[in-house]
Protein chains: 4
Amino acid sequence: MGKAHSNAWLAAPRHFNVSFKPVLKAITSLDPAVSEKFAANWGYESVEPDWRKLVERRDIDVIAVCSHTVNHHEVVIAAAEAGKHIFCEKPCALSSAQAKEMAEAADKAGVLHYLNHNYRRVPAVKFAKQLIDEGKIGEIYHWRGTYLQDWIMDPNFPLTWQLQKETAGAGPHYDLNSHSVDIARYLVGEIESVSAMMKTFIKKRPLPGADATAFKSGTSEASANMGDVTVDDAAFMVASFENGALGAFEASRFAGGRKNYNYFEIYGSKGSLTFDNERMNELGYCTFDDPENVQGFRTIPVSLGSHPYMANWWAPAHIIGYGNTFVHAVVDFLDALESGNKITPNLWDGFKIMQTLEAGLLSAKEGRLVKVSEI
Amino acid sequence: MGKAHSNAWLAAPRHFNVSFKPVLKAITSLDPAVSEKFAANWGYESVEPDWRKLVERRDIDVIAVCSHTVNHHEVVIAAAEAGKHIFCEKPCALSSAQAKEMAEAADKAGVLHYLNHNYRRVPAVKFAKQLIDEGKIGEIYHWRGTYLQDWIMDPNFPLTWQLQKETAGAGPHYDLNSHSVDIARYLVGEIESVSAMMKTFIKKRPLPGADATAFKSGTSEASANMGDVTVDDAAFMVASFENGALGAFEASRFAGGRKNYNYFEIYGSKGSLTFDNERMNELGYCTFDDPENVQGFRTIPVSLGSHPYMANWWAPAHIIGYGNTFVHAVVDFLDALESGNKITPNLWDGFKIMQTLEAGLLSAKEGRLVKVSEI
Amino acid sequence: MGKAHSNAWLAAPRHFNVSFKPVLKAITSLDPAVSEKFAANWGYESVEPDWRKLVERRDIDVIAVCSHTVNHHEVVIAAAEAGKHIFCEKPCALSSAQAKEMAEAADKAGVLHYLNHNYRRVPAVKFAKQLIDEGKIGEIYHWRGTYLQDWIMDPNFPLTWQLQKETAGAGPHYDLNSHSVDIARYLVGEIESVSAMMKTFIKKRPLPGADATAFKSGTSEASANMGDVTVDDAAFMVASFENGALGAFEASRFAGGRKNYNYFEIYGSKGSLTFDNERMNELGYCTFDDPENVQGFRTIPVSLGSHPYMANWWAPAHIIGYGNTFVHAVVDFLDALESGNKITPNLWDGFKIMQTLEAGLLSAKEGRLVKVSEI
Amino acid sequence: MGKAHSNAWLAAPRHFNVSFKPVLKAITSLDPAVSEKFAANWGYESVEPDWRKLVERRDIDVIAVCSHTVNHHEVVIAAAEAGKHIFCEKPCALSSAQAKEMAEAADKAGVLHYLNHNYRRVPAVKFAKQLIDEGKIGEIYHWRGTYLQDWIMDPNFPLTWQLQKETAGAGPHYDLNSHSVDIARYLVGEIESVSAMMKTFIKKRPLPGADATAFKSGTSEASANMGDVTVDDAAFMVASFENGALGAFEASRFAGGRKNYNYFEIYGSKGSLTFDNERMNELGYCTFDDPENVQGFRTIPVSLGSHPYMANWWAPAHIIGYGNTFVHAVVDFLDALESGNKITPNLWDGFKIMQTLEAGLLSAKEGRLVKVSEI
């Protein structure tokens, strides 16, 4: 994740016209040797072993938080209290209570805060927002957001931090549904109530070896001892939006063949939209403005100069990738710093997302519909 | 619907090797003039204005029930009591209680009974069943069945029988989710519990003119008076299967651009399947037997002689359509008559489907998870 | 092929409003036992072992010619001379000279003649014609027609009649490119000149056992003796149309994974079209009438009542298949009989198609561009 | 183009383990003001107004040539004679004669030379090469390479340098078919002979205003005076490969809706491949190793750590874009500098590509098959 961030801070002023040119002042991590190597590679001016010192350094204006979710609360509040602007990775926190404290601290300090649900800044997603704002979709009836992966299907995949409640809060319900809820709030509106079901298919896994990381097959590093998986492997949820739309969410790490399948469909009174993040340079669109006999879902190549962000990249229809979306986030963050305007999603969006996800957890636990306002 | 049935009874013995050659003995409908014309066109030997006489005629062995759902209960029980074998359209009935009585009557009479959820007999769906039975998908983790249409999105579409609870029972939750629940039970297994949400987006509609039918735009025939829509326009549901799988169902008549989008995805421990009824000659398949670097969803053209039913149609890869699936149903029905074996889905399957759908209705009404066994 | 025809003659008056109701009077084939069985199955009134007697029977008005291509010339001319209307399978003949004689004989006899390039009567293809005629595509710049199969890739597939010049005339260049040239002439216009290359990848094959047929794997029936393949296995061709369009044709029986991939793309000054016969209920369409930022290829479900032929089949978006297209041909043939108008494609179209294909053969042989008018 | 190159030289050592760390020493262009701004943005140490001085500077080891094609010959030879390693944009030159002289000069000077047909370094294309080299496709029967665009369809698009023979050599036949021929030679083998047809649909266009550039709509900048288009608007070609494969090439700037549609299909005795550059993170693959009833084209997400180059980017299935492929080229170039090995494609590949394309021009002009060896 540090790679994508560092790359973005460097690339933003080269590809876009921004007022501030970021300087990579300092880096910290759990392992000073890793920090040194990373700093040398990306050109950070210094390494700061103690993150508390880093957030207090007077030569630093912005703190980018890429640590594990479990640390977000403490780091963000410390950074805010030190008067630093905050660029925070998702998911926001382990709970809505944490998220609220983070947002309050940032507001109190008067700093800019941004929560990096980067998919909002995929050109096709921002273009979807534009079409909706222009009224092209009309009144929205339906949302479905599926975020499917398959990286822990092997029962020998070890019990990494993502599979434990105290470090991750929840499984794909937090990790993946947080993205979907963010996009749903961005494109459709606020969620009023949810009914959810969750499953843990593999209930015990080998404890990880010292070096087990999320995206490596765990077999070789797994120890002989087993531990309990304490989060969901999959979370399905139906939802009612405040504006009357009916929605569905599906997050799973047990959907074989789906590597990073972040997909949504939106149906409205005047048109429909579909999006697949693995084909992020395309947007599906059906409009009832077309005569009935030529209506159909079209695939728009969202890669032309007339589409959001794209004029700053390559010639038309030369596609961009995941890394570029981080550049867009940095550009918009720098613009907000310049203008003094807020940027979204921010920590308050993080709070609303966590509220919605907690409503889902409670619904699954108690077998009932839960209003988001209950949380 | 009578067209598809009549065509199938005539075509079955011509394309398949069956023991019985159906004879179209008699037809009835609400309008004798329509019956006469229909009988002449399809070669029925006679018209019987009174359906009760028809079901009692001694020269008739099989009753095909294509009337509105509201009549199924009465007709099927009368036919069973008259000793006729039953080939009944879906959905089975207005309630699980009705369906149970129908199934009991048929069993008591010792007649063969079949419920025409015809999508089970799409070659690609039957082939999916074959792959699952062969263990190719492994333990099933996920099901999603979406059945989306858009034919009543126009607020001026009139209040036809499909939009009234007393004649239709429910909206797309019965009409469309009944198909999805049938396929889910066929391919995944029994459903244990559900949590559902439903919406009615257009709450009042013009009362229909005398000639209003489901698939005509209602504008011209709509009267000036309005009536209440008393069924759902959309029904979303999450479900837990007895075997531990987690599933989702979505049925809507407000999904613009989706005409007859009966689509499912199944994810298992060894592979995954996808199916789109508008491309019914294809099956999506991903298998973990493939080396990881060449894994991906493949599109199988289920149109070869080695696929179910296809050897009896055209040269390889010459596709079939909706009408052909009714022929498959008739062929299997005739085979069951010959062998004395049961055929599925039958009225008991109808009962189980209705139970599940009623659980969904109750869940949506009470805002809680409902076990199918509660119904 | 006899199945598809017989089915169509029976189905046409049931699904469509036609003036004449066809009666299946008599059938002939190379094997009287086969004829008897086929006649019984399909309800033909009689079997006529001698085809010459059949074409002269006074109780017969129409001759449907489904025999091997090598026999078309003799049968069609005899039928025409006997005053019978002609419904002839494709490809038309072994040469343009034969085709010309057939067309002249039919015109001289004043009979209706039709050549069954059935893909013209796929609703999506006829709808493409409608869009072109309405000017939606504008001036046409490009055509590409690919017709790819893989059924003879096994080197042990035997030397059936399709692989011998004297019985088939050519390989996929005749069998498959004939369809593509027919569609290209229908949708784009007359072809002026061609440059072609052809290949025979497997030059010797086992002689067929007595029972070898085209679509069976030949291994078991192949004899130990080998014979020469005397036709092309693949034929690629670029073409210039009289209206200035530039086109490409590709026909192959060595395109693995392509079972019956009859696909075309058309690019014009105002829009573009794509069609895939294995998804025959869809048409791809891109129009420049759309604003640039929402332009894209849409997938039109050509399965609504507003599309050609479809109102006579099932409810909207219930797809049709290969067999249905033969019904459309019979309906249009019967309409032409009623109206006295000509129908296309007919034997003169067959002549033009054969001319174009022969130009391709000559081009490949002599390594030069050949004008169709040279033939 | 300078953007993509500069970005790549900077990014290569950050994302990949390379021996040399590039330093951006100097830049030149036709406009010093543009150079100054570009240098400041990308961190070039200096601007050198005279390109001849730049290629002779002793502190420079590598010359990246991104100028118009018309200048490649002079610049590359000067750079080679100055002992600089060469990283040259495509197409190589205006003719095979030029390309040969360039290659000879580079070889004589003993410098490393690379021709940037960057699509070879798309992970999916390199993975296709791997599958072919592993024998997964078997003997190759067919190639089709289509490269379709639509950016000059407006008749008011001005007569930019790309539309004039003296500056561009040819139209899409050079610009686009050069890419396709490069990929075809890489994946299939050497081309033996070609038959081509070309068209110029718009024969006169407005002379460009001073600021007319390729990818801007020309309307506003077009002057009132018209000039002749002297290159092709579209070039279609059939080809015979030395290994017996039969191929097709299509290049056009008049294919509406196709923005940058660089697409190929390969059919072999053991499997087939398809690739679409606008979905460059995917590869289509069909293998006959699969049982016949589950054969089909699968979509491989070529975005995992096990695929070429991808382990150095983001987490699995987070896609990359056009810009990343330039990084791969730089990485491989630096590796070749370190190892002393050659890199492909290089100027000799450029020569072979130009030979093939010239054979196409000659074929179109003379209306005959032309052997590449004739050139």
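Below, chains carry the letters A, B, ... as their sequence lines are ordered, and counting in each starts from 1. What you are looking at is a predicted structure, and each value in this text was computed from that prediction instead of being measured.
- Using a 4.5 Å cut-off on side-chain heavy atoms (C-beta onward), Asn281(A) and Ile319(D) make contact.
- Taking Glu282(A), Arg258(A), Met1(A) one by one and counting their heavy-atom pairs under 4.5 Å with chain D, the maximum is reached by Glu282(A).
- The contact between Asn312(D) and chain A is made entirely by backbone atoms, counting heavy-atom distances below 4.5 Å.
- Put simply, OH on Tyr322(A) and CG on Asn324(D) are 13.0 Å apart, with the number rounded to the nearest 0.5 Å.
- There is no contact between Asn262(D) and chain A, counting heavy-atom distances below 4.5 Å.
- Judged purely by atom type and a 3.5 angstrom limit, Lys3(A) has no side-chain atom pairing as donor or acceptor with the backbone of Trp314(D).
- With a 4.5 angstrom heavy-atom cutoff, Thr325(D) does not touch chain A via any of its atoms.
- A distance of 6.0 Å separates CZ of Arg279(A) from OG1 of Thr299(D), quoted to the nearest 0.5 Å.
- Contacts with chain A were tallied for Glu278(D), Lys259(D), Arg14(D); Arg14(D) has the most, counting heavy-atom pairs under 4.5 Å.
- Interatomic distance, CG of Leu304(A) versus CH2 of Trp151(D), reported as 14.5 Å (0.5 Å rounding).
- To the nearest 0.5 Å, atom NE2 of residue His318(D) and atom CG of residue Asn260(A) are 4.0 Å apart.
- Sparse packing is recorded around CG of Asn17(A), with 12 or fewer heavy atoms of other residues, nucleotides or ligands lying under 6.0 Å away.
- The choice from Ser303(D), Pro301(D), Ala4(D) that makes the most heavy-atom pairs within less than 4.5 Å of chain A is Ala4(D).
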